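Worksheet: one structure, shown below.
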Amino acid sequence: MQARVRFAPSPTGELHIGGLRTALFNWLFARHNKGKFILRIENTDTLRSREDFTKSIIDNLKWLGLIWDEGPQIGGEYGPYLQSERLPVYKRLADNLLKEEKAYFCYCLPEELEQRKQKMQKAKLPPLYNGRCRYLSEKERKSLENEGMKPAVRFKVLQECELRVKDLLRGEVKFDSKTLGDFIILKSDGTPTFNFANVVDDALMRITHVIRGDDHLSNTPRQLLLYQSLGFKEPFYAHIPMILGKDASKLSKRHGATSVSYYRKEGYLPWALINYLALLGWSTVDSQQFFTREELIQKFTLDRVNKSPAIFDSQKLEWMNAEYIRKTNIHELAELVIPHLRERGWVGEKIDALTYKKIVRISELEKDRLRVLSDIIKLTDFFFEKDFPLDDKSVEKTLKKDYVYSLLKKIKHEIEKMDLLTQDGLEEILRRLAEKLNLSTGKVFHPLRIALTGRMTGPGLFELAEVLGKEEVIRRIDRALKLLIKESGGLSNGRTPDSGSGSGGSSPPPPATH
RNA sequence: GUCCCCAUAGUCUAACGGAUAGGACACCGGGUUUUCAUCCCGGCGAUGGGGGUUCGAUUCCCCCUGGGGGCACCA
C-alpha cells in the first residue's frame, strides 16, 4: 500500500514554524516512502479563515520546496482540497449519523454552554456536555425548531469503552470514553468542526498516516469514535513533539517571530530553515548536522523522532543560516542579496553589468559576515551611499589622533599618483608609507579604514578600496580631512588634545576658516 | 480540577542493559588576520528526586516532582 500523508493547515494566520515542522515531517515521510504528500486547507472556521492566509501558506510552502502531490492549485482525484468546498460531503455523512441515531440535534445556546461549563469547573468536575438535548422528544424538537432555533449536530458518545490510539512514536495510548462527552460535529451554520471534517477528509482522501503535533493526541479518541461510527478504517498515527518557546510553553507570537514569512523576509535560506527544523525532534545516530535534500529524505524515518518537546533556538537557526550562506556561491549570493538592496533603494529594478559586478564583489567580501541576508544592509551602506554616517567612537578613538591628518594627506598624495587604484597597488603604497613614517601598519590602515567606511570593522581595506575606486577613495579622504580641520578648530580654542603617538611628526592641522 | 504526553548540560541531541556519558549551538580562553567576521586549537557544562529489577541501570518497572497539551458551535 502506498503511503499517503497530508499537511492540513488552517488559514487563520501565517504559516507557523510549528506548522512548517509538521509539514516537513509529513513531506519527508512521503518522499522517503515514495508515497504521496497531500495539502488540504482546513478553512471551516468561517470567522477567522482568510483567503490571503491561504495564499501566503501556499506561497511559503512552495518557497521552501515542500511541494505537494495533491491539493490546491494542482488538484488530485480526492478533491476538492479546500474544506469550504466540501460542505455537502460533511452534511451527507452527518445526516447518516443522525439517521442511525449516532448523533443528535443540539439546541443549546453557546452562552448556556459556557455558563454550564464554568459551573462544572467551579464544582471541580470535568467540563463535559451534560447531554441535555440528547433525549429530546420529537415534539420538543419541533417546537424549538418552530421558534427558529438553528441546531448544531452533536455526536453521541454512547458506550463506555476503552479507546486505544496506536501511536507509532508512543505505543498504545489508552483513553476512557467516559472522559470525552458528546461533542459537536456540525455547527449551527452547517460547517463541520475540526474533529469531524478532519476525520471525514482523512478517510475519504485515503490518508494512511496521520503525522501531526502532540497537541492533537487528546483529540484522537474522539476521532477514533468517528472512524468507527462512520465505518472507516482508522489511519496510523504519529504524534510528534511540539515546538516550544524559550520559556518552554507552546511557541507563540509572544516568543518573537514565529511566522515563516518573517524568516523569509529577514533573509533566511529556505533550506537552512528546513535543515534546522528537521533537527528539532529528529536526529541521526551520529548527530549529523547538515543534510542535503536527498540525504534528509533518505535518512528520515519516524522511529528516530524524539518524544520530548523541543525549544526553538533562534540562535542555532541563525548559525545554520550563516553556514548555508557561506556555502552559497557568490553569483547565487548576489542574486539573493539584490532584493534586499532593491528594497533599501540602493539599486533599481534594472541592474547594469557594472553594478552587477560590483554587487557580486561586495557579496564576496561580506559573505563571512552575513548571518541573514538582510544583514547586507547594515554592513554595506558605505558601498552604496556617498554620505554614509561615521561611527562616533571610531572617529574619536582612531581618526582624531594628531598624526592622522598629515598621514591622510600623504596617503591621498600617493593615491593621486596611481593610474588605477588596485588592491595590490594600494597595499604596497601603504606598507611603504608605514615603513617610511616608522608607523605600525595598523596605525596606517585603521584611520584610512574609518575615512573610507566610517567604521572599524569590515572587509579587507585594500579590497574594499578597489571596489570604491580611486576617485571615490580620494573624495572620502578629503571628507575625513575636512572633518579633522573642523574638529581641531574646536580644540585650539581651549581644549588640549590628549597626547598622540609622538611618531609621525605632523604639525596640527590649521584651524577651520569658515 | 480532570485526562493524556514528556524528562541527558542554558538549548538541540547521541548512546543492543555493560565506554572517561559522544556530537552541535551558545558561552569562555588562545592562535591566525590591518579590523570585524571566517578559520584552527582548547575549556566550562548533563542523565530531576526516591525506590525497586539486575552482577551491572541514561536505558526496564513504580512513586514523587517538574514541564507541556487537551477537556470550544477554534483548528
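Numbered from 1 within each chain, the chains take letters A, B, ... in sequence-line order. Being a predicted model, the structure only gives us computed values, none of them experimental.
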If I take atom [atom1] in residue [X] and atom [atom2] in nucleotide [N], what distance separates them, rounded to the nearest angstrom?
X	N	atom1	atom2	value
Lys327(A)	U38(B)	NZ	P	15 Å
Asp313(A)	A9(B)	CG	P	15 Å
Tyr237(A)	C4(B)	OH	C1'	15 Å
Leu169(A)	C4(B)	CG	P	19 Å
Met456(A)	U35(B)	CE	P	9 Å
Glu323(A)	A26(B)	CD	C1'	14 Å
Lys316(A)	C12(B)	NZ	C1'	5 Å
Glu162(A)	C3(B)	CD	P	14 Å

- Item | nucleotides 63-75 of chain B: protein proximity per nucleotide (B base, S sugar-phosphate only, - neither; heavy atom, under 4.0 Å) | ----SSBSBSBBB
- Task: Can you spot which of Tyr263(A), Phe312(A), Phe291(A) makes a ring-ring contact (aromatic ring centres under 6.0 Å, His included) with Tyr276(A)?
- Result: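 Testing each of Tyr263(A), Phe312(A), Phe291(A) against Tyr276(A), the sole residue satisfying ring-ring contact (aromatic ring centres under 6.0 Å, His included) is Phe312(A).
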- Item | Candidate list Phe105(A), Tyr227(A), Phe196(A), Phe183(A), test ring-ring contact (aromatic ring centres under 6.0 Å, His included), partner Phe155(A), passing option |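 The residue from Phe105(A), Tyr227(A), Phe196(A), Phe183(A) that satisfies ring-ring contact (aromatic ring centres under 6.0 Å, His included) with Phe155(A) turns out to be Phe183(A).
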How would you label the contact of [X] with the nucleic acid (heavy atoms, under 4.0 Å): base, sugar-phosphate, or nothing?
X	result
Arg326(A)	sugar-phosphate
Arg212(A)	nothing
Gly281(A)	sugar-phosphate
Asn306(A)	sugar-phosphate
Lys122(A)	nothing
Phe462(A)	base
Pro459(A)	base
Leu280(A)	sugar-phosphate

- Query: Between A7(B), U38(B), C12(B), which nucleotide gets closest to the side-chain atoms of Asp368(A)?
  - Reply: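 From the listed options, U38(B) comes nearest.
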- Query: Which of the following nucleotides, A24(B), C25(B), G22(B), is nearest to the side chain of Ser287(A)?
  - Reply: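 Closest of the options to the side chain of Ser287(A): G22(B).
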- Message: I want to confirm an ordering. Mapping Pro241(A) and Arg371(A) to their closest nucleotides on RNA chain B, which one lands closer to the 5' end?
- Response: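 Residue closer to the 5' terminus by nearest nucleotide: Pro241(A).
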[atom1] atoms of [N] and [M], separation to the nearest Å:
N	M	atom1	answer
C40(B)	U20(B)	C1'	25 Å
A24(B)	G70(B)	C1'	34 Å
U53(B)	G17(B)	C1'	11 Å
C36(B)	G22(B)	C1'	33 Å
U58(B)	C16(B)	C1'	14 Å
A9(B)	A21(B)	C1'	11 Å
U13(B)	G30(B)	C1'	28 Å
U2(B)	C61(B)	C1'	25 Å

- Message: Which nucleotide, if any, forms a Watson-Crick or G-U wobble pair with G1(B), using both distances under 3.5 Å?
- Response: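 Across any shown strand, G1(B) pairs with C71(B).
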- Message: For C36(B) and Arg449(A) - does any side-chain N or O of the residue sit under 4.0 Å from the phosphate oxygens OP1/OP2?
- Response: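 For C36(B), neither OP1 nor OP2 has a side-chain N or O of Arg449(A) closer than 4.0 Å.
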- Message: More than 12 heavy atoms of other residues, nucleotides or ligands under 6.0 Å from CD of Glu385(A): yes or no?
- Response: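 Yes, because the 6.0 Å sphere around CD of Glu385(A) holds more than 12 heavy atoms from other groups.
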- Please say whether more than 12 non-hydrogen atoms of neighbouring residues, nucleotides or ligands are located less than 6.0 Å from CD in Glu51(A).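 Check fails, neighbour count at 12 or below.
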Find out whether the Lys NZ or Arg CZ of [X] is both under 6.0 angstrom from the six-membered ring centre of [Y] and within 45° of the ring's axis.
X	Y	answer
Arg449(A)	Phe382(A)	no
Arg50(A)	Phe53(A)	yes
Arg304(A)	Phe300(A)	no

- Could one point to a donor on the side chain of Arg369(A) or the base of C36(B) with an acceptor on the other under 3.5 Å away?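 Looking at the base of C36(B), it does pair with a donor or acceptor on the side chain of Arg369(A) (distance under 3.5 Å).
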- Query: Considering all heavy atoms of both residues, which atom of Ala480(A) and which atom of Leu408(A) are nearest to each other, and what is their separation?
  - Reply: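 Reported closest heavy-atom pair: CB-CD1, 4.0 Å.
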- Message: Ignoring hydrogens, what is the shortest heavy-atom contact between Leu279(A) and Gln288(A)? Give both atom names and the distance.
- Response: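 The pair with the smallest heavy-atom distance is CD1-O, 3.9 Å.
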